[in-house]
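Notes follow the structure.
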Amino acid sequence: TQLLEQSPQFLSIQEGENLTVYCNSSSVFSSLQWYRQEPGEGPVLLVTVVTGGEVKKLKRLTFQFGDARKDSSLHITAAQPGDTGLYLCAGNFGNEKLTFGTGTRLTIIP
Amino acid sequence: DSGVTQTPKHLITATGQRVTLRCSPRSGDLSVYWYQQSLDQGLQFLIQYYNGEERAKGNILERFSAQQFPDLHSELNLSSLELGDSALYFCASSVRPGLKAYNEQFFGPGTRLTVL
């Protein structure tokens with residue numbers, strides 16, 4: 001059974017600060033997605049990373065895929081209140097099923 | 001808006017009852033996935049259908065069943081409901097397997113089920 005661990009579980013920071021959240025697995029991902037979910041809504045796909053060492057940027061968000069494809073990170077620069085939400089990583093392990101991490105609940109304080 | 005629709009938005013029912021949740025995938029997507037999200041369990045994969053056929057099964061209880069119809073909409077049936085079934089139920093859809101090298105799923109807004 002593949003497990004994805006996300007850390008930290010909760011993060012509360014001031015507006016304007018930078019932060020990084022992590023997603024780790026003991027197994028190799030064939031691909032990994034990051035989603036953001038707001039209360040009472042469905043997860044929204046932010047990015048997909050496929051190649052080991054890959055870095056993707058989405059405005060102030062930078063996503064990195066580990067060289068060994070077992071881990072990923074999401075870095076947010078100059079966090080804003082609109083970044084508040086639950087961040088979920090989800091991995092493909094060679095099939096169509098997505099395995100979701102436990103999530104990082106991020107709160108940006110104005 | 002992901003293009004995936006789910007109805008109803010909210011559902012309140014009693015223990016022992018049976019409910020049906022409905023999902024319409026994005027236009028062109030052939031795969032539909034059902035997930036359960038509760039506070040203590042995170043997002044749990046229940047079942048996947050592709051073009052009307054069951055393709056993968058996750059942690060789905062025997063009291064739960066699903067199907068995908070010829071028009072590709074899907075229904076999740078939950079029976080003999082228990083208090084612990086209270087959760088958010090999400091449907092997601094993706095393009096057909098093999099079309100992409102990786103599986104991106106697009107989620108609907110969910111159905112919040114409350115069992116009293």
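Proteins come first, then strands; the chains are lettered A, B, ... in the order of their sequence lines, and each starts at number 1.
- Residues L61(B) and L76(B) fall within the same hydrophobic cluster, defined by Ile, Leu, Val, Met, Phe, Trp and Tyr side chains chained together at heavy-atom separations under 4.5 Å.
- Donor-acceptor pairing under 3.5 Å is lacking for the side chains of Q33(A) and Q105(B).
- No part of L32(A) comes within reach of chain B, as not one of its non-hydrogen atoms sits under 4.5 angstrom from that chain.
- When the options F90(B), F45(B), Y35(B) are evaluated for a ring-ring contact (aromatic ring centres under 6.0 Å, His included) with F100(A), the one that passes is Y35(B).
- Following chains of ILVMFWY side-chain contacts shorter than 4.5 Å, one cannot reach I47(B) starting from Y50(B), and the two form parts of different hydrophobic clusters.
- Interatomic distance, E104(B) CD to L98(A) CG, rounded to the nearest 0.5 Å: 9.5 Å.
- Atoms OG1 and CG, on T102(A) and L43(B) in that order, are 11.0 Å from each other to the nearest 0.5 Å.
- Counted within 6.0 Å of CD on E17(A), heavy atoms from surrounding residues, nucleotides or ligands total more than 12; the atom is thus considered enclosed.
- With a threshold of 4.5 angstrom between heavy atoms, E41(A) approaches chain B through its backbone and through its side chain.
- Note: Y35(A) OH to F107(B) CZ = 5.0 Å, rounded to the nearest 0.5 Å.
- With sequence neighbours excluded, no residue satisfies side-chain hydrogen bond (donor to acceptor under 3.5 Å, both in side chains) with N51(B).
- Around atom CD of E5(A), no more than 12 heavy atoms belonging to other residues, nucleotides or ligands sit under 6.0 Å away.
- Among V44(A), L45(A), L86(A), the residue making the largest number of heavy-atom pairs under 4.5 Å with chain B is L45(A).
- For CZ of R26(B), the number of neighbouring non-hydrogen atoms (other residues, nucleotides, ligands) closer than 6.0 Å is greater than 12.
- For chain A, no part of Q6(B) is nearby; none of its heavy atoms comes within less than 4.5 Å.
- Here disulfide bond (SG atoms under 2.5 Å apart) pairs that include residues 46-85 of chain A, with residues two or more places apart or in two chains, number zero.
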